[in-house]
Number of protein chains: 2
Amino acid sequence: MRRDVFQAIADPTRRAILTLIAMQAMTPNALAEHFDTSRQAVSKHIKVLTECQLVKQEVSGREIYYHFNPKKMKEVDRWLEPFRNLWEDRFNKLDIVLNQLKKK
Amino acid sequence: MRRDVFQAIADPTRRAILTLIAMQAMTPNALAEHFDTSRQAVSKHIKVLTECQLVKQEVSGREIYYHFNPKKMKEVDRWLEPFRNLWEDRFNKLDIVLNQLKKK
DNA sequence: TATATTTGCAACCAATTAGTAGCACGTAAT
DNA sequence: ATTACGTGCTACTAATTGGTTGCAAATATA
């Protein structure tokens, strides 16, 4: 089964889950209250996020708190890195050229 | 049909296509030579990338050159932005605090 | 004009996915 | 001890996805 970070963040609900637990660790039930879907559906999303290590567990009695794992998110950032040059450097250079043309 | 950037980059073949055309605009046939799959399969991936505007067309006779659109990729970067703080500044500071607590 | 090339599109198939419902296992509360 | 709560897991279903094949349209070449 393919279980990489890119596939994990492809789902909007999972992205929302990540945003929520990045601010504060939460239990599946607490998370489910933020969405229109069932507790089980949220739990399945959490499973996907856990399997690709974007999320870590912290068991506390019968509750399980899920934490965001920033390290794993770095993978997306690393993949993005070479593309970033395309919209930063070259674009800035283009801006400079355009500004110089306007002055004339 | 959901057609956003995150869903588009979820597929490894599509990510490879983006990497290739980011360096040089290419035709579907030229792209297909880089993969084990058929020309039509690559074409379907290109369609997905085009529909979410990660890729732009340039028609030249009966050939179509596909270009990478960096602007659209920014969306991923913007979503990543708040998380970036977690693995850079704040995370280092948290580590320092935790280490100091352990020493006591 | 006749033929070959490049491509998009529609139909179809197998595999995967998101969601639901029900059950079982611990843990807490009465 | 009994009941309620929080959770993961396993079918099951409907929708989506990645891939293939075949075809038609447009452009190039003989």
Side-chain angles (χ1 to χ4, degrees), chain A residues 1-21 24-69 72 76 79, chain B residues 1-21 24-69 72 76 79:
Chain A
M1 204 179 301
R2 182 157 60 84
R3 200 100 306 173
D4 58 61
V5 185
F6 294 95
Q7 187 255 344
I9 65 170
D11 185 271
T13 304
R14 283 198 288 268
R15 287 201 299 280
I17 289 176
L18 288 173
T19 303
L20 283 169
I21 65 168
Q24 186 177 21
M26 296 176 85
T27 64
N29 264 334
L31 272 169
E33 286 174 12
H34 289 81
F35 303 97
D36 283 340
T37 125
S38 68
R39 197 257 321 164
Q40 287 93 332
V42 171
S43 241
K44 278 184 87 170
H45 284 305
I46 293 176
K47 196 184 176 192
V48 173
L49 293 171
T50 305
E51 280 172 0
C52 73
Q53 298 174 35
L54 271 171
V55 150
K56 288 180 292 185
Q57 295 189 4
E58 177 206 350
V59 180
S60 164
R62 66 183 166 184
E63 291 181 327
I64 303 182
Y65 286 88
Y66 287 94
H67 296 255
F68 175 61
N69 179 18
K72 199 64 183 181
V76 181
W79 180 75
Chain B
M1 204 178 302
R2 182 158 62 84
R3 199 94 315 166
D4 59 59
V5 186
F6 294 95
Q7 186 256 344
I9 65 170
D11 184 90
T13 304
R14 283 199 288 269
R15 287 201 299 279
I17 289 176
L18 288 173
T19 303
L20 283 169
I21 65 166
Q24 186 178 22
M26 295 175 86
T27 64
N29 263 333
L31 271 170
E33 286 173 12
H34 288 81
F35 302 97
D36 283 340
T37 131
S38 69
R39 195 257 323 161
Q40 286 92 334
V42 171
S43 240
K44 278 185 86 170
H45 283 305
I46 294 177
K47 196 184 176 193
V48 174
L49 294 172
T50 305
E51 280 173 1
C52 74
Q53 297 174 34
L54 270 171
V55 151
K56 288 179 293 186
Q57 296 189 4
E58 177 207 351
V59 179
S60 164
R62 67 183 165 184
E63 291 181 328
I64 303 181
Y65 286 88
Y66 286 94
H67 296 256
F68 174 61
N69 180 17
K72 200 65 184 177
V76 181
W79 180 76

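Remark on DNA chain D: of its neighbouring residues A:E63 and B:S60, the 5'-side contact belongs to A:E63, judged by nearest-heavy-atom nucleotide.
Within the structure, every side-chain polar atom (N or O) of B:S38 is placed at least 4.0 Å from both OP1 and OP2 of D:dG19. Residue B:T13 has no polar side-chain atom (N or O) positioned under 4.0 Å from OP1 or OP2 of D:dG18. For A:H45 and C:dG19, the shortest distance from a side-chain N or O to OP1 or OP2 is below 4.0 Å. Note on A:S43: every side-chain N or O is 4.0 Å or more away from OP1 and OP2 of D:dT7.
In terms of heavy atoms, A:A8 sits closest to A:L49 at CB-CD2, 4.1 Å.
Rounding to whole angstrom units, CD of residue A:E33 and C1' of D:dT7 are separated by 15 Å. Between B:Q7 atom CD and C:dT17 atom P there is a gap of 12 Å when expressed in whole angstrom units.
If you check every strand for non-hydrogen atoms under 4.0 Å, B:Q40 touches a base.
A donor and an acceptor atom never sit less than 3.5 Å apart when one is taken from the side chain of B:R62 and the other from the base of C:dT6. Judged by distance alone, with hydrogens and angles left aside, A:R39 brings a side-chain donor or acceptor within reach of the base of D:dG8, the pair sitting under 3.5 Å. For A:K44 against C:dG19, a side-chain N or O and a base N or O form a donor-acceptor pair under 3.5 Å.
Within a 6.0 Å sphere centred on CZ of A:F35, heavy atoms belonging to other residues, nucleotides or ligands number more than 12.
Between the side chain of B:R15 and the backbone N or O of B:A10 there is at least one donor-acceptor pair closer than 3.5 Å.
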